[in-house]
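The structure under discussion appears below in the form of structure tokens.
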Amino acid sequence: MRVAPSPTGDPHVGTAYVALFNRTHARQGGGQFLLRIDDTDRSRYQATSEDQIFHALEWLGLNWDEGPDKGGPHAPYRQSERLEHYQSLIERLMASGHSYRCFCTADRISKLREDQKANKQRLGYDGACREISAEDSERRARDGESHVIRLKVPNSGETVFKDRLRGEIRVSNAEIDDQVLIKTDGFPTYHLANVADDISFGITHVIRAEEWLISTPKHVLLYEALDEPLPTFVHVSLLRNADKSKISKRKNPVSLNWFRQEGYLPEALLNFLALMGWAPEDDNEVFDMETFEEQFRIEKLSTGAPIFDMTKLDWLNGMHIRKLPIDTLADRILSEGFGPEGESKERILEILPMMTERLTRLGEFTDKTSWFFQTPEPPTKEDLIPKKSDAETSLSALKAASEFFGSLASFQHDAIASGLDDLISQHGWKKPFLFMPLRFALTSRKDSPDLIEVIGALGAQKSVERIDRACEILRE
RNA sequence: GGCCCCAUCGUCUAGUCAGGUCUAGGACAUCAGGUUUUCAUCCUGAGAACAGGGGUUCGAAUCCCCUUGGGGUCACCA
């Protein structure tokens, strides 16, 4: 099994999606999972992209057995480094009459296409250069005439293959274009390089996106021309935008870098991706990769068109955050750069236990805990006065609290709780009349962890300072 | 437009291959309650779907056909 991304931009979520199924299936059967870089398009090539692919897949834990960075028995794993290989293959194809040189200019091809469009004919190459004799073809090539090499698709009959998910697929050969195999620049197209490499890598299962389904007959023809056995084809449904079109960066975040930067956990993203096309038998939708490997069955992949709706991802991320040991979570926050500037793991650990159930993405950590790491902007007067209360009540509540905390010998959760309850009953306040001004005084925000824990985290001195500061604001 | 693929709650899906146990199950989201000092977590509950039409059959979400809808693809991009 393999995954074969192109280094043409940011590492794509679709790559991870397909890699997940390939890798999992490989591991289940004791097979190898390879990473191949499909870099035959020089014009779209981006030098930094390859490294990013490595890093993104490593981040996800979708590690490969063989690849450009690891080497392996089938090296090299970059298509741009396998040119001789394609050359020898094309010689076989030429010799057996399965391919031919085409000297048509780009100009002629585009005119041809326009005519076909105007006459509402099927779009495709008309096979003009098929008729050129072998001698002429050789000579013109030797003379340096620019040309491509095309696949000679039979004029009649049909090409049939089986897709593991969709059953038998038959396409009339008349519908299949004489696909370019070698471009003018001497580089192979995807179709040739992909088949050539899958053969020489010994790929037994081609699990890839549905968009390739329609070009699979071309690949089948190539396998047949080369007299090689067909792999098992599995075309997985395309991830979709909300409007059902194929997922795109204009309508969705698709860069794996983005998910990492937002603070999605790799285990959550993988879990989510797995759920886009597969369902566990036991209704337990929160699972790790180990469980997934045990349960996944390729034939249970669904054929629908999953809309990439991150609502569930957010929920899953929260679930995975809460499943992580607190120490590990702290490490993640730190290593992924979500910790507040210059803060130690010890400091983060002081606040983290009360934050886990309030985090959906790691990226929220700094903002939601800023009151702990630094003195926040003071709350406004309005903040300090809850609905149905007034400035006077808030002020006396805060003063009472200030005195209470000032006299505190040590932090004991239950003692503080009962102390505050006493204050409330003494004065006949509603609970929010004390707690809300206190919350704003201490954190300057309306959502926070349990207040008594907040006080414990802050310590009596800081707490009193902030309460006194809030009293000043109320007096203004 | 040609060709190919697909079609169950708003979303992800189970059930479809081996038709009855499906008054269609679960999850997310939504809404309503509960817990509660806020937010969140957690718990309980509610609403919410077999695209339509024909067949086949005692019986169809499940099989067949048509229609409709959606998507993909028609590059010297992958």
Side-chain angles (χ1 to χ4, degrees), chain A residues 4-8 38-41 43-44 79 102 104 106 109-110 113 116-117 120-125 146-150 163 165-167 169-172 174-177 179-191 193-194 209-217 235 237-238 240 242-246 272 275-286 299-300 302-316 318 322 354-360 368 386 417 420-421 424 430-436 438-440 443 445-452:
Chain A
S6 288
T8 54
D38 281 13
D39 58 350
T40 52
D41 185 355
S43 59
R44 292 205 306 157
Q79 292 191 324
C102 168
C104 294
I109 301 284
S110 66
R113 197 166 296 139
Q116 287 169 335
K117 236 177 224 169
K120 296 192 172 177
Q121 287 171 308
R122 194 186 70 79
L123 267 41
Y125 184 61
S146 172
H147 65 274
V148 300
I149 294 176
R150 288 181 185 273
D163 180 273
L165 261 26
R166 294 152 210 272
I169 292 172
R170 337 174 60 98
V171 178
S172 165
E175 295 292 333
I176 306 174
D177 199 15
Q179 180 61 47
V180 170
L181 300 176
I182 300 280
K183 307 179 220 175
T184 317
D185 64 5
F187 273 64
T189 57
Y190 167 82
H191 304 283
N194 158 67
E210 190 187 3
E211 56 187 328
W212 296 110
L213 189 63
I214 197 67
S215 48
T216 305
H235 288 93
S237 299
L238 246 17
R240 310 301 185 100
D243 63 6
K244 299 255 186 194
S245 58
K246 149 168 135 178
F272 178 64
L275 250 18
M276 301 256 92
W278 179 83
E281 283 165 37
D282 60 2
D283 282 345
N284 184 8
E285 296 191 340
V286 184
E299 58 275 3
K300 300 293 275 182
S302 62
T303 47
I307 292 171
F308 193 79
D309 179 349
M310 300 199 298
T311 315
K312 200 164 190 172
L313 206 212
D314 283 331
W315 169 72
L316 278 170
R322 271 158 247 140
M354 63 186 89
M355 290 308 298
T356 53
E357 65 202 30
R358 281 163 246 270
L359 290 177
T360 65
K368 288 193 171 176
L420 292 176
D421 282 344
I424 286 164
K430 291 184 172 185
K431 281 191 167 188
F433 289 4
L434 170 62
F435 283 105
M436 279 319 284
L438 205 45
R439 184 179 317 283
F440 267 104
T443 67
R445 51 192 299 150
K446 70 174 194 306
D447 60 316
S448 83
D450 174 83
L451 264 190
I452 296 168

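All of these numbers come straight from a predicted model, not from anything done at the bench. The analysis underlying the following values was restricted to heavy atoms, covering all of them including side chains, and did not include hydrogens, waters or symmetry mates. Here is the naming used below: chain letters follow the sequence lines, and residue numbers restart at 1 for every chain.
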Lys244(A), nearest nucleotide to its side chain (from G71(B), C5(B), C76(B)): G71(B)
Sugar-phosphate, base or nothing in reach of Ile307(A), heavy atoms under 4.0 Å: sugar-phosphate
Touch class at under 4.0 angstrom, heavy-atom based, for Trp278(A) against every strand present: nothing
Thr356(A) side chain near U41(B) phosphate (N/O to OP1/OP2, under 4.0 Å): no
Length of the CG-P vector between Asp447(A) and C39(B), whole Å: 9 Å
Which residue lies more 5' along RNA chain B, comparing Ile169(A) with Ile182(A) via nearest heavy atoms: Ile169(A)
RNA chain B: 5'-proximal contact among Lys120(A) and Gln179(A) (nearest heavy atom): Lys120(A)
Short side-chain N/O contact from Arg113(A) to OP1 or OP2 of A75(B), under 4.0 Å: yes
Closest listed nucleotide, where the reference is the side chain of Trp315(A) and the choices are C76(B), C12(B), C28(B): C28(B)
A27(B) pairs with, by Watson-Crick or G-U criteria that keep both distances under 3.5 Å: U11(B)
Sugar-phosphate only, base, or nothing, as touched by Pro449(A) at under 4.0 Å among non-hydrogen atoms: base
side-chain N/O Ser302(A) vs U13(B) OP1/OP2, d < 4.0 Å: yes
Sugar-phosphate, base or nothing in reach of Ser43(A), heavy atoms under 4.0 Å: nothing
For atom CG of Asp283(A) and atom P of A24(B), their distance in whole Å: 17 Å
Between U11(B) (C1') and Arg240(A) (CZ): distance, integer Å: 14 Å
Base paired to G20(B) (Watson-Crick or G-U; both N/O distances under 3.5 angstrom): C58(B)
Phosphate contact (G15(B) OP1 or OP2) by Lys300(A) side-chain N/O below 4.0 Å: yes
Touch class at under 4.0 angstrom, heavy-atom based, for Thr303(A) against every strand present: sugar-phosphate
Nucleotide nearest Thr189(A) when distance is taken to its side chain, options C6(B), G2(B), C76(B): C76(B)
Euclidean distance, atom CZ of residue Arg439(A) to atom P of C39(B) [Å, nearest integer]: 8 Å
Donor-acceptor pair (no angle test) under 3.5 Å: Glu285(A) side chain, G26(B) base: yes
Exceeds 12 heavy-atom contacts within 6.0 angstrom, atom CD of Glu299(A): yes
Steps toward side chain to side chain contact (heavy atoms under 4.5 Å, CB included) verdict (Tyr125(A), Val180(A)): CA-CA 10 Å; Tyr125(A) 184 61; Val180(A) 170; over 6 Å; no
Watson-Crick or G-U wobble partner of G47(B), both distances under 3.5 Å: none
Length of the line joining Asp282(A):CG and G15(B):P, which is rounded to integer Å: 13 Å
Ring geometry between Trp212(A) and Tyr190(A) (parallel below 30°, tilted from 30 to 60°, perpendicular above 60°): parallel
Near-ring test Phe272(A)/Phe308(A), centroid separation under 6.0 angstrom: yes
Donor-acceptor pair present, Arg44(A) side chain and C77(B) base, under 3.5 Å: yes
Nucleotide C5(B), atom P - distance to NE2 of His235(A) in whole Å: 12 Å
Whole angstrom value for the distance that separates P of C74(B) from CG of Leu213(A): 13 Å
OP1 or OP2 of A78(B) under 4.0 Å from side-chain N/O of Thr40(A): yes
Ser6(A) (side chain) donor-acceptor with Thr8(A) (main chain) under 3.5 angstrom: no
Which nucleotide in A78(B), A29(B), C76(B) has an atom nearest any side-chain atom of Tyr190(A): A78(B)
Distance, nearest 0.5 Å, that separates CD1 of Ile452(A) from CE of Met354(A): 11.5 Å
Rounded distance (Å) that lies between atom P of G69(B) and atom CG of Asp243(A): 17 Å
Watson-Crick or G-U wobble partner of G1(B), both distances under 3.5 Å: C74(B)
Sugar-phosphate only, base, or nothing, as touched by Lys431(A) at under 4.0 Å among non-hydrogen atoms: sugar-phosphate
Lys183(A) vs A75(B): side-chain N/O to OP1/OP2 distance below 4.0 Å: no
Sugar-phosphate only, base, or nothing, as touched by Thr311(A) at under 4.0 Å among non-hydrogen atoms: sugar-phosphate
Side-chain donor/acceptor of Arg150(A) to backbone N/O of Val148(A), under 3.5 Å: no
Of the listed nucleotides C12(B), C76(B), G72(B), the one nearest the side chain of Lys312(A): C12(B)
